[in-house]
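I have placed the structure first, in the form of structure tokens, so that the comments after it can refer back to it.
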Amino acid sequence: MRQYVSPYFCEGDVVYISEKIVSLCQKDIIPKESLKISKLAKFLSRFASTNDSAGIGVHNVYKMQVAIMLCGAPKVMYAALAAGVGRIFGKRGVFYEITGPQVAGLDGFYSTYFPEYKQFGIMTPKNPDKAVAKVEEETGIHCCVADINDFGGVVLAISPHSPFEKPLLQKLLKDNPAGNGKEMTPFVLLREKKDDLQNA
């Protein structure tokens, strides 16, 4: 934050921090070799959606196995069944609505853009409120941590003195300004547009 954000930060700004970066800093990861893939994970992953525009999904057998670890087999089976019914009626995201944010926020287990991510999964950050408060206290940078993709997402935490409230940040980040591709943008600086800059 000091190296890459501080030179551009002005009072009144808010910096969106990718939840993935926070999790990596917290070393909240799951190595592939630590997972024993069950027959249930192999079976259910075959029927999951393969649309990757929002990131790796539970058609990846490793992510499905983590879902089973976090939620238990009965809940995951129920979520998979409900997702199948939802797909018939054109409703997406049912599986993650049932299994919750820890499963929805799991990243990694793929090497599309970063080869290192093939070897581990990245969990949702622990105590994101504490993380943003620490960043603000030590750097003076108002910030939020959010899990955003091309289908939307959620603001997980905002720093105590943020000039932007959570509903506004949710709206501003809805269109995923960081992108899901090779942009490599773990930080997005949000600044209120001033009238005297409109014609600049």
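In what follows, every heavy atom counts, from backbone to side chain, and hydrogens, waters and symmetry copies are set aside.
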When you look at [atom1] of [X], are more than 12 heavy atoms from neighbouring residues, nucleotides or ligands closer to it than 6.0 Å?
X	atom1	value
Tyr78	OH	no
Glu165	CD	no
Lys126	NZ	no

Under a single-linkage definition using a 4.5 Å side-chain heavy-atom cutoff for Ile, Leu, Val, Met, Phe, Trp and Tyr, are [X] and [Y] assigned to the same hydrophobic cluster?
X	Y	answer
Leu35	Val76	yes
Val94	Met77	no
Val154	Ile98	no
Leu40	Ile30	yes
Phe43	Leu81	no

Going from [atom1] on [X] to [atom2] on [Y], what distance comes out if it is rounded to the nearest 0.5 angstrom?
X	Y	atom1	atom2	value
Arg46	Lys42	CZ	NZ	11.5 Å
Lys63	Ile68	NZ	CD1	13.5 Å
Ser162	Leu169	OG	CG	5.5 Å
His161	Glu137	NE2	CD	10.0 Å

Checklist entry - Taking side chain as C-beta onward, heavy atoms only, is Gln26 less than 4.5 Å from Met123? => result no

Checklist entry - Strictly by modelled atom types, are Thr124 and Glu19 linked by a side-chain donor-acceptor pair under 3.5 Å? => result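 No - no donor-acceptor pair under 3.5 Å links their side chains.
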
Next on the checklist: Counting the benzene-type ring for Trp, do Tyr8 and Tyr4 have ring centres under 6.0 Å apart?
Outcome noted: no

